[in-house]
> 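Take a look at this one; I'll ask things after.
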2 protein chains.
Amino acid sequence: MSAQMPEIPWHKPRKAEPRQPLSRSLIVETAVRVLDAEGLSGVTMRRVAQELGTGPASLYAHVSNKEELFELVLERVVSEIRLPPRPEPERWKEQVTEICFEAQRVLTSHRDVSLVSLGSIPLGESQLTITEFLLDLLLRVGLPPQVAAWALDGLGQLIDTDAYEASVYSERIARGTDIHQYFGQLHSFLLALPTDRFPRLQGMADTMVTGDGDERYAFKIEVFLRGLESYLPTDADTGTGTGTDPHTAARAAAPAAPAARRRLDA
Amino acid sequence: MSAQMPEIPWHKPRKAEPRQPLSRSLIVETAVRVLDAEGLSGVTMRRVAQELGTGPASLYAHVSNKEELFELVLERVVSEIRLPPRPEPERWKEQVTEICFEAQRVLTSHRDVSLVSLGSIPLGESQLTITEFLLDLLLRVGLPPQVAAWALDGLGQLIDTDAYEASVYSERIARGTDIHQYFGQLHSFLLALPTDRFPRLQGMADTMVTGDGDERYAFKIEVFLRGLESYLPTDADTGTGTGTDPHTAARAAAPAAPAARRRLDA
DNA sequence: TCCTTGGACGAACACTGTTCTACGAGTCGA
DNA sequence: TCGACTCGTAGAACAGTGTTCGTCCAAGGA
């Protein structure tokens, strides 16, 4: 480096570095970096702004909200999920399972970002692409359209919830809690339950703590898929058309839901 | 009211009202009241303390954390869930469905309290009571113990996630969003999707927005229960003993989970 | 050339959870 | 009866938070 000239006093430079200008994508990328480093609760407007060498007010020119920033971050993360090249209806259950695990892999690799996904309808481009793929797959299998549509809800919830739960564990062990000790404590807690009030839980303490996150996740997916399988039309129905003739027996899906309405008052 | 005498000056009352002393349960009850009035984000230490006519520091003598307060609140809410008088294995699917809807009724009647329940293992007394009931019911039906144990996980997640989702909608319509207009916008959004990239979603826009929260909830429960049903031992196996002989075919539950381990680094 | 416009940003507002420290009343032993 | 010694009650403060206001400056159009 050459010798640097002193600043002329009355030039008051105010910003020595000619930083690259702010932009939506730059902010989102920085937020993802902060997310990976410090978790979702570490992603504050100040923290992101500081990482960009500016103040929090500067972000509001490109992002209207912290909530909007979070949704942009989620969409960016979801875009990392890779889909299979093409749907394979003959092994649809395996393929759905693979997608679920791929989604969980990506989501949990970004700490607890799945918390953002829990309350929001997935309308981002990547999220819609995944939904489209799954919907196409389920329809090709022969599931009635209404069943397939509603099944997407269930699958999405399964993925999000499990990813969030897994991230909670990750955060916990990141904070120093030994996972074996933790499950040991849980085990002895169950064993210490009063036998007269909790005979099943007390007696099945071993079984309750069996299986890690992946095993339990795989089980839940399998149960859901077996349930979906039961909605497939029988052989007698499928012999007619080109292959998929839905819209037939999807009405008996929901048993009479209790009349208890969600309260709609303001 | 009778005329009130003035205070004697040198008595310096300092607290006109002889408030009842603080206690854990009083704090929790107040927190629930604030929760019902202003939602979970409105439950702050200051708000609860103010409701009790004191400062936030006073709460920390009875509650170590805001997190602990939240869990106490959750346990209090869960204790409102009423269980059937006795398990009825012959109609287990209906009974599980009823419990799920009862749980959702209670949870959603307390705004977004289900958010607390999402990341925590249900170890409160009421939560354990519900778990014990469901576990007993599933075992009586004849499900293998490992299947029953893992199924509790799935049911709990289903209840919590759906309650949270329902509460998000409730909050949204409480903030003034018209729900019909909202679904209308969603519908036209799906219709406006490019047909070449999202043919299924675009073509099934009607089907996608069909059904309210209860219908979809009932569907997910039904799918899960049908999946569980497939784990029941066949008739050839059950003819031997008194009725329930588990621990047999529970091993093939989980298909080979991908080796992708959750990262365990600090 | 001036003038408008839009991004950048310091300061501030109204909050948050939590801790420190002092105060005051109650109880228990002497 | 009286001191000592707890323990619940709080005021004040600390280090944060999301968001807004008003100012500033540089670039672009007329």
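Letters go in sequence order (proteins before strands), and every chain restarts at 1.
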> Should we count CD of B/E125 as having more than 12 external heavy atoms under 6.0 Å?
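At most 12 heavy atoms, drawn from other residues, nucleotides or ligands, come within 6.0 Å of this atom.
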> Any chance you could lay out the salt bridge (Lys or Arg N to Asp or Glu O under 4.0 Å) test for B/D162 and B/K220, step after step, and finish with the verdict?
CA-CA 10 Å; B/D162 234 90; B/K220 283 172 231 167; 2.8 Å; yes
> Looking at A/D206 and A/V209, would you say the former's side chain and the latter's main chain have a donor-acceptor pair under 3.5 Å?
no
> Tell me which nucleotide among C/dC20, D/dT17, D/dT19 gets nearest to the side chain of B/A57.
C/dC20
> Counting only side-chain heavy atoms from C-beta out, which of C/dG17, D/dT9, D/dT17 sits nearest to B/M45?
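When the side chain of B/M45 is considered, C/dG17 is the closest of C/dG17, D/dT9, D/dT17.
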> Please give, in whole Å, the distance from D/dG8 P to B/L52 CG?
16 Å
> Are B/S58 and D/dA10 close enough that a side-chain N or O sits under 4.0 Å from OP1 or OP2?
yes
> Starting from C1' on D/dT9, measure out to CG on B/L26 and report it in whole angstrom.
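Value for this atom pair: 14 Å.
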> Are OP1 or OP2 of C/dA8 and a side-chain N or O of A/T54 less than 4.0 angstrom apart?
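A/T54 to C/dA8 OP1/OP2: no side-chain N or O under 4.0 Å.
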> In whole Å, I'd like the distance from the CG atom of B/L59 to the P atom of D/dC7.
19 Å
> Does B/N65 have a side-chain nitrogen or oxygen under 4.0 Å from the phosphate oxygens OP1 or OP2 of C/dT18?
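So the side chain of B/N65 is within the cut-off, an N or O lying under 4.0 Å from OP1 or OP2 of C/dT18.
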> Rounded to whole angstroms, how far apart are OH on A/Y60 and P on D/dT20?
7 Å
> D/dG11, C/dG10, C/dG7: which one has an atom nearest the side-chain heavy atoms of A/H62?
C/dG7
> Tell me the closest heavy-atom pair linking A/G119 and B/R172, and the distance in Å.
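Minimum heavy-atom separation between A/G119 and B/R172: O-NH2, 4.2 Å.
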> Please give, in whole Å, the distance from D/dT19 C1' to A/E67 CD?
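It is 14 Å, rounded to the nearest whole Å.
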> Can you check the B/Q50 CD to D/dG11 P distance for me, whole Å?
13 Å
> A/K66 has a side chain; which of C/dA8, D/dT19, C/dG17 sits nearest to it?
D/dT19
> Test your reading of the model: is there a side-chain donor-acceptor pair from A/Q202 to the backbone of A/L190, 3.5 Å cut-off?
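Checking the backbone N and O of A/L190 against the side chain of A/Q202, no donor-acceptor pair under 3.5 Å is found.
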> Would you please name every residue forming a salt bridge (charged side-chain N to carboxylate O under 4.0 Å, His left out) with B/R216, sequence neighbours left out?
A/D153
> Please give, in whole Å, the distance from C/dC15 P to B/E38 CD?
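So the CD-P distance, B/E38 to C/dC15, works out to 12 Å.
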> Return the value, rounded to whole Å, for the distance between atom CD of B/E68 and atom C1' of C/dG17.
14 Å
> Is there side-chain contact between A/F189 and B/L128, with heavy atoms separated by less than 4.5 Å?
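Heavy-atom side-chain distance check passes, below 4.5 Å.
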> Each nucleotide N or O in nucleotides 13-15 of chain D that has a protein N or O under 3.5 Å away: list the pair and distance.
{"unit_1": "D/dA13", "atom_1": "N6", "unit_2": "B/R46", "atom_2": "NH2", "d": "3.2"}

